Amino acid sequence: MNNSPLNLRTLFSFPDATATTTASPPSNQWQEFQSRLGREIKTIKWPAAMPDLTSKVAELFNVELPDLLVSSWKKARELQEALEESRKSPEEVIVLDLAEHEITNEYHPNIEIRIAGVPLPKKIEFKVQIVTALKGINLKIQAGTITEIQAGSCDFEGKIKYEDLTIAEKKVGPLKLLSLGVSTITKQKQEPDPVK
(Lines give C-alpha, C1' and ligand atoms only; values in the text may rest on other atoms or scores of the structure.)
Protein backbone atom coordinates (compact mmCIF):
# COMPACT_ATOMS: atom_id res chain seq x y z
CA MET A 1 0.00 0.00 0.00
CA ASN A 2 1.28 3.50 -0.72
CA ASN A 3 1.58 6.31 1.82
CA SER A 4 -1.64 8.08 0.82
CA PRO A 5 -4.22 7.92 3.60
CA LEU A 6 -7.17 5.60 3.22
CA ASN A 7 -10.63 7.00 3.70
CA LEU A 8 -13.96 5.32 4.34
CA ARG A 9 -15.30 6.20 0.89
CA THR A 10 -12.42 4.35 -0.77
CA LEU A 11 -12.57 1.38 1.61
CA PHE A 12 -16.30 0.94 1.02
CA SER A 13 -15.88 1.51 -2.75
CA PHE A 14 -18.35 4.39 -2.92
CA PRO A 15 -18.39 6.21 -6.25
CA ASP A 16 -16.20 9.32 -6.39
CA ALA A 17 -18.56 12.28 -6.27
CA THR A 18 -16.11 14.49 -8.19
CA ALA A 19 -15.35 12.04 -11.01
CA THR A 20 -17.02 12.63 -14.35
CA THR A 21 -16.79 8.96 -15.29
CA THR A 22 -16.80 5.88 -13.13
CA ALA A 23 -14.12 3.21 -13.45
CA SER A 24 -16.57 0.58 -12.26
CA PRO A 25 -20.35 0.68 -12.00
CA PRO A 26 -21.87 1.43 -8.57
CA SER A 27 -22.95 -1.58 -6.49
CA ASN A 28 -26.56 -2.75 -6.45
CA GLN A 29 -26.85 -1.51 -2.86
CA TRP A 30 -25.62 1.97 -3.84
CA GLN A 31 -28.09 2.06 -6.75
CA GLU A 32 -30.95 1.01 -4.43
CA PHE A 33 -29.92 3.74 -1.97
CA GLN A 34 -29.93 6.36 -4.77
CA SER A 35 -33.36 5.18 -5.83
CA ARG A 36 -34.75 5.43 -2.27
CA LEU A 37 -33.17 8.83 -1.75
CA GLY A 38 -34.67 10.04 -5.03
CA ARG A 39 -38.15 8.95 -3.94
CA GLU A 40 -37.76 10.63 -0.54
CA ILE A 41 -36.53 13.98 -1.80
CA LYS A 42 -39.29 14.19 -4.40
CA THR A 43 -41.62 14.88 -1.46
CA ILE A 44 -39.66 18.05 -0.57
CA LYS A 45 -40.73 21.34 -2.12
CA TRP A 46 -37.39 22.92 -3.02
CA PRO A 47 -37.33 26.74 -3.24
CA ALA A 48 -34.42 26.51 -5.72
CA ALA A 49 -32.73 23.84 -7.80
CA MET A 50 -32.42 20.55 -5.96
CA PRO A 51 -28.81 19.83 -4.94
CA ASP A 52 -27.03 16.60 -5.88
CA LEU A 53 -27.47 14.80 -2.56
CA THR A 54 -25.69 11.60 -3.57
CA SER A 55 -22.44 13.53 -4.03
CA LYS A 56 -22.95 15.09 -0.57
CA VAL A 57 -23.47 11.62 0.87
CA ALA A 58 -20.20 10.42 -0.67
CA GLU A 59 -18.46 13.45 0.91
CA LEU A 60 -19.65 12.31 4.36
CA PHE A 61 -17.36 9.31 4.01
CA ASN A 62 -14.19 11.19 3.02
CA VAL A 63 -12.98 10.55 6.58
CA GLU A 64 -9.43 9.23 6.72
CA LEU A 65 -8.84 5.92 8.49
CA PRO A 66 -5.91 7.29 10.57
CA ASP A 67 -8.20 10.04 11.92
CA LEU A 68 -10.77 7.44 13.02
CA LEU A 69 -8.07 5.43 14.76
CA VAL A 70 -6.66 8.49 16.54
CA SER A 71 -10.10 9.54 17.78
CA SER A 72 -10.51 6.07 19.32
CA TRP A 73 -7.01 5.98 20.82
CA LYS A 74 -7.52 9.34 22.54
CA LYS A 75 -9.72 7.53 25.04
CA ALA A 76 -6.97 5.10 26.12
CA ARG A 77 -5.38 5.82 29.52
CA GLU A 78 -1.81 4.92 28.45
CA LEU A 79 -2.05 7.18 25.42
CA GLN A 80 -3.48 10.02 27.51
CA GLU A 81 -0.50 9.76 29.84
CA ALA A 82 1.96 9.85 26.91
CA LEU A 83 0.18 12.86 25.40
CA GLU A 84 0.33 14.70 28.75
CA GLU A 85 4.03 13.88 29.15
CA SER A 86 4.75 15.18 25.64
CA ARG A 87 2.97 18.48 26.42
CA LYS A 88 5.44 19.04 29.26
CA SER A 89 8.43 18.53 26.88
CA PRO A 90 7.17 19.70 23.45
CA GLU A 91 10.55 19.24 21.72
CA GLU A 92 10.77 15.59 22.72
CA VAL A 93 9.37 12.89 20.43
CA ILE A 94 7.76 9.91 22.16
CA VAL A 95 7.13 6.63 20.36
CA LEU A 96 4.35 4.59 21.96
CA ASP A 97 4.27 0.90 21.02
CA LEU A 98 0.72 -0.46 20.92
CA ALA A 99 0.07 -4.16 21.43
CA GLU A 100 -2.24 -6.03 19.11
CA HIS A 101 -5.71 -4.69 19.69
CA GLU A 102 -9.12 -4.27 18.15
CA ILE A 103 -11.09 -1.05 17.86
CA THR A 104 -14.87 -1.21 17.45
CA ASN A 105 -16.63 2.03 16.54
CA GLU A 106 -20.07 3.15 15.51
CA TYR A 107 -20.72 6.49 13.80
CA HIS A 108 -23.92 8.23 12.69
CA PRO A 109 -23.02 10.71 9.93
CA ASN A 110 -26.00 12.60 8.58
CA ILE A 111 -27.21 15.33 6.27
CA GLU A 112 -29.94 17.71 7.41
CA ILE A 113 -32.04 19.49 4.83
CA ARG A 114 -33.39 22.77 6.20
CA ILE A 115 -35.79 24.87 4.16
CA ALA A 116 -37.25 28.18 5.25
CA GLY A 117 -40.86 27.80 6.34
CA VAL A 118 -40.54 24.07 7.02
CA PRO A 119 -40.59 23.53 10.81
CA LEU A 120 -38.62 20.27 10.98
CA PRO A 121 -35.50 19.50 8.95
CA LYS A 122 -35.36 16.36 6.80
CA LYS A 123 -32.57 14.17 8.15
CA ILE A 124 -30.73 11.56 6.10
CA GLU A 125 -28.81 9.48 8.65
CA PHE A 126 -26.43 6.56 8.26
CA LYS A 127 -25.16 3.96 10.70
CA VAL A 128 -21.49 3.07 10.23
CA GLN A 129 -20.09 0.11 12.13
CA ILE A 130 -16.34 -0.49 11.94
CA VAL A 131 -14.05 -3.10 13.49
CA THR A 132 -10.31 -2.56 12.99
CA ALA A 133 -7.79 -5.15 14.22
CA LEU A 134 -4.32 -3.58 14.54
CA LYS A 135 -0.91 -5.25 14.79
CA GLY A 136 2.57 -3.80 15.27
CA ILE A 137 1.52 -0.15 15.48
CA ASN A 138 3.70 2.63 16.89
CA LEU A 139 2.40 6.14 17.53
CA LYS A 140 4.75 9.10 17.19
CA ILE A 141 3.76 11.76 19.73
CA GLN A 142 5.07 15.30 20.05
CA ALA A 143 3.83 18.42 21.85
CA GLY A 144 0.66 16.72 23.05
CA THR A 145 -0.46 15.38 19.66
CA ILE A 146 -0.23 12.16 17.68
CA THR A 147 1.77 13.22 14.63
CA GLU A 148 2.27 9.89 12.89
CA ILE A 149 1.16 6.26 12.84
CA GLN A 150 4.26 4.18 12.19
CA ALA A 151 4.44 0.73 10.58
CA GLY A 152 2.12 -2.14 11.36
CA SER A 153 -0.94 -3.55 9.66
CA CYS A 154 -4.67 -3.70 10.15
CA ASP A 155 -7.65 -5.80 9.17
CA PHE A 156 -10.75 -3.76 8.48
CA GLU A 157 -14.38 -4.84 8.59
CA GLY A 158 -17.29 -2.47 8.25
CA LYS A 159 -20.89 -1.92 7.29
CA ILE A 160 -22.88 1.18 6.35
CA LYS A 161 -26.66 1.19 6.65
CA TYR A 162 -29.33 3.64 5.61
CA GLU A 163 -32.48 2.76 7.53
CA ASP A 164 -32.89 -1.02 6.91
CA LEU A 165 -30.75 -1.05 3.75
CA THR A 166 -27.09 -2.08 3.95
CA ILE A 167 -25.54 0.17 1.29
CA ALA A 168 -21.96 -1.05 1.75
CA GLU A 169 -20.20 -3.90 3.48
CA LYS A 170 -16.49 -4.60 3.35
CA LYS A 171 -13.84 -6.84 4.84
CA VAL A 172 -10.21 -6.21 3.82
CA GLY A 173 -6.80 -6.93 5.18
CA PRO A 174 -4.20 -7.09 6.14
CA LEU A 175 -3.50 -3.52 5.05
CA LYS A 176 0.08 -2.38 5.56
CA LEU A 177 0.33 0.92 7.44
CA LEU A 178 3.61 2.60 6.62
CA SER A 179 4.19 5.89 8.44
CA LEU A 180 0.81 7.47 7.88
CA GLY A 181 0.68 11.16 8.76
CA VAL A 182 -2.22 12.33 10.86
CA SER A 183 -4.28 15.22 9.50
CA THR A 184 -4.47 18.60 11.20
CA ILE A 185 -8.02 17.83 12.36
CA THR A 186 -6.70 15.39 14.95
CA LYS A 187 -3.86 17.70 15.99
CA GLN A 188 -6.22 20.18 17.62
CA LYS A 189 -6.55 20.12 21.39
CA GLN A 190 -8.84 17.39 22.56
CA GLU A 191 -12.30 18.82 23.00
CA PRO A 192 -15.57 17.12 23.90
CA ASP A 193 -17.51 15.65 21.02
CA PRO A 194 -20.07 18.10 19.58
CA VAL A 195 -23.66 17.73 20.71
CA LYS A 196 -25.71 15.87 18.15
Side-chain angles (χ1 to χ4, degrees), residues 4-20 22 24-76 102-133 146 154-172 175 180 182-196:
S4 63
L6 277 173
N7 64 31
L8 291 181
R9 187 188 53 75
T10 304
L11 280 169
F12 282 109
S13 304
F14 281 172
D16 186 351
T18 60
T20 54
T22 56
S24 60
S27 68
N28 289 340
Q29 296 98 322
W30 184 256
Q31 290 176 347
E32 172 61 23
F33 164 69
Q34 287 180 302
S35 176
R36 274 195 194 185
L37 186 60
R39 288 190 301 270
E40 283 188 40
I41 62 177
K42 280 183 182 177
T43 63
I44 300 171
K45 294 182 180 177
W46 297 92
M50 183 178 70
D52 179 16
L53 287 180
T54 53
S55 68
K56 297 297 180 197
V57 167
E59 286 176 28
L60 281 178
F61 299 101
N62 282 340
V63 178
E64 294 178 0
L65 185 58
D67 292 340
L68 293 175
L69 297 176
V70 168
S71 68
S72 297
W73 284 325
K74 281 186 175 183
K75 299 170 187 161
E102 190 172 273
I103 298 172
T104 302
N105 288 321
E106 186 171 300
Y107 306 96
H108 295 273
N110 65 77
I111 295 174
E112 279 191 8
I113 302 169
R114 295 176 180 258
I115 300 175
V118 178
L120 298 174
K122 169 72 174 162
K123 191 172 191 177
I124 301 166
E125 184 172 19
F126 302 89
K127 180 178 180 181
V128 181
Q129 297 169 312
I130 298 172
V131 177
T132 311
I146 299 170
C154 74
D155 292 317
F156 172 87
E157 186 175 345
K159 182 187 290 189
I160 298 177
K161 293 185 85 167
Y162 173 67
E163 297 174 347
D164 63 334
L165 175 67
T166 299
I167 61 174
E169 198 167 1
K170 196 72 150 206
K171 186 173 185 176
V172 294
L175 300 171
L180 294 173
V182 178
S183 79
T184 55
I185 294 170
T186 60
K187 292 181 184 177
Q188 298 170 0
K189 287 186 178 178
Q190 186 176 359
E191 296 175 10
D193 292 332
V195 178
K196 292 181 182 178

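Just so it is clear, the structure is predicted and the values come from calculations on it, not from any experiment. Residue numbers start at 1 and run along the sequence shown.
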> Which value, rounded to the nearest 0.5 Å, describes the distance between Arg39 atom CZ and Gln34 atom CD?
Replying inline: 12.0 Å
>> Taking the side chain as everything from C-beta on, heavy atoms only, tell me whether Glu32 gets closer than 4.5 Å to Leu165.
In response: yes
>> Quick check on side-chain contact (heavy atoms from CB on, under 4.5 Å): which of Ile160, Leu11, Leu8 does Ile130 satisfy it with?
In response: Leu8
> Would a 4.5 Å heavy-atom cut-off, applied to side chains only, mark Ile111 and Leu60 as touching?
Replying inline: yes
> Thinking salt bridges, do Arg36 and Asp164 make one under a 4.0 Å N-O criterion?
Replying inline: yes
>> Taking side chain to side chain donor-acceptor pair (under 3.5 Å) as the definition, give me every residue that meets it alongside Lys170, ordered by chain and number, with sequence neighbours left out.
In response: Ser13
> Would Phe126 and Tyr107 count as a ring-ring contact (aromatic ring centres under 6.0 Å, His included) if you check the C-alpha gap in whole Å, the side-chain angles of each, and the deciding distance to 0.1 Å?
Replying inline: CA-CA 8 Å; Phe126 302 89; Tyr107 306 96; over 10 Å; no
> Do the non-hydrogen side-chain atoms of Glu59 and Val57 ever get within less than 4.5 Å of each other?
Replying inline: no
>> Nearest 0.5 angstrom please: Tyr162 OH to Lys127 NZ, how far?
In response: 15.5 Å
> Do the side chains of Ile124 and Leu37 get nearer than 4.5 Å, heavy atoms only?
Replying inline: yes
> So how far is it from His108 NE2 to Lys123 NZ, rounded to the nearest 0.5 Å?
Replying inline: 10.0 Å
>> Quick check: do Val128 and Asn105 have side-chain heavy atoms less than 4.5 Å from each other?
In response: no
>> With heavy-atom distances below 4.5 Å as the criterion, would you say the side chains of Val63 and Asn7 are in contact?
In response: no
